[in-house]
Amino acid sequence: MKTSLVAMIALVWSFTLNAESIFHAPKTFKTAEGQVVFIDIKTADYSVTYDPKTKKVMAQSILVFETKETGMVAFDLVENPTSMSLDGEAISSKVISSPDKDTWFRIALKNTTPGLHKLEISSPITQSVSFGSEGVSSAFWFTDLGDRSYLEAYLPANFEFDQYQITLNLDFKTMNKQKIYTNGKVTTLENNRYRIEFPETYTSSSLYFHTAWAGRYNEKSFVFKSLDGRELPAIVYTGDKSLNLESIKTKITQSLDALETKYGPFLHQSVTVFIAGSGGMEYCGATMTDVWALNHELTHSYFARGGFMPANGNSGWIDEAITTWSDTGASTLENPNNIRSNMAGNSEYRRYTHIDAYTQGKNFMAYLNYKYQASGGLSAFLNQLISSESFRPMTTEEFVGKMSDFYSEDLMPLFKKHTYSGKSVQGTPGEHPIHMKMTIQEMRSLL
Ligand SMILES: [Zn+2]
């Protein structure tokens, strides 16, 4: 116990990047069970076993986290745990809602004092898994247009504000050779086991993981030469055997070259593109997309999963608005009078992006581009943001503060008028024609 405590303390000292994570957490609140407190996860170690005999997937998860207040810790896991322990003591958990019922999540039913703790959870993975005679297809698909739809749909995870070191251990038992597509660093171990380590800047919306049996997909590996001289490993793969991967590779390279010209060197260590034929979702340096949405999704590697990262559902509109604006020609709009949507001022517990980001949000960015055209337009600010704030999850208020500093004008009244007011209706995933986002259940067909 002492050794592990010393190790845990050493570990915490080693974290500087995510030290401020907890300040983006929603407010502590009281519920029927007692005080609910949000946590700062330091490390998450997931060990996932795919059993071809039972066709079941089980995850053993160890979360080391810190709390600042006494209470029952909040995290999330959509699947029902089969067992849980907190600091070695068996406990149970419960799914509760935020006080305003805006989101649902899980709490550990035990009062926890401030400090470092260890939460161990066994749980199944039942979403986006398909066993076949040749192996298993399994993916952690996310959507930012639905509640509880990031990593927590598969494994215990925190709200999007938190950055932590994630290690994913995979055991495929006696199955044939599996392919692994991911934006983490893969180490091949003995006996059909793998370890994937992800950057400590990752949040619950960052990581890309997809495995399938060898031969399931056509794929093309290549090297993307970044503006800064790095040679980044890149891969494009698809189940559509009629697609010409050479020409898609050219499209990817052209898209990345243009993005680097506009926004600087690619922010990630690899490029992974799954041409799924539908879907459309961004990850850090990775995407599941269709060919026509490729540039939109790769742009998200700068805005959403890199240069700008949303700290919560109230700032998710920013990356969708910038990406849509950038991808559709970086236009200008002279008159913002028709822009009025509450994309930024919803419940402080909000965990998904407002769908007006694609339309009203994009138009608002076009207006800002017009308003500041004499100062280099919106891109001038975005480049400054990327160079100084990459991989730092941000709220809308912080974004407005940075922009106000850059253009030397208090922009909060303008944002309040156009992005914190108006109707608050939320569409459902899949409704939007540009993005074609799907629910996690719908994405199962893309395995
Ligand atoms: Zn998008």
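Count residues from 1 along the sequence. Only this structure's heavy atoms are used, side chains among them; waters, hydrogens and symmetry mates stay out. Here the structure is a predicted model, which is why all the values come from computation and not from measurement. Atoms within each ligand, like the ligands themselves, are counted from 1 in listed order.
- Taking the six-membered ring for Trp and the full ring otherwise, the centers of Phe105 and Phe75 sit at least 6.0 Å from each other.
- Both tests hold for Arg351 against Phe159: distance to the six-membered ring centre under 6.0 Å, angle to the ring axis within 45°.
- With 2.8 Å as the limit, Asp319 does not count as an N, O or S neighbour of the Zn ion (ligand 1).
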Check your understanding: Would Tyr237 and His210 count as a ring pair (Phe, Tyr, Trp, His ring centres under 6.0 Å) if you check the C-alpha gap in whole Å, the side-chain angles of each, and the deciding distance to 0.1 Å?
Key -> CA-CA 11 Å; Tyr237 67 103; His210 184 191; 5.6 Å; yes
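- No other N/O/S atom of His300 lies as close to the Zn ion (ligand 1) as NE2 does.
- Atom NZ of Lys225 has 12 or fewer heavy atoms from other residues, nucleotides or ligands within 6.0 Å.
- Sorting the N, O or S atoms of Glu320 by how far they are from the Zn ion (ligand 1) puts OE2 first.
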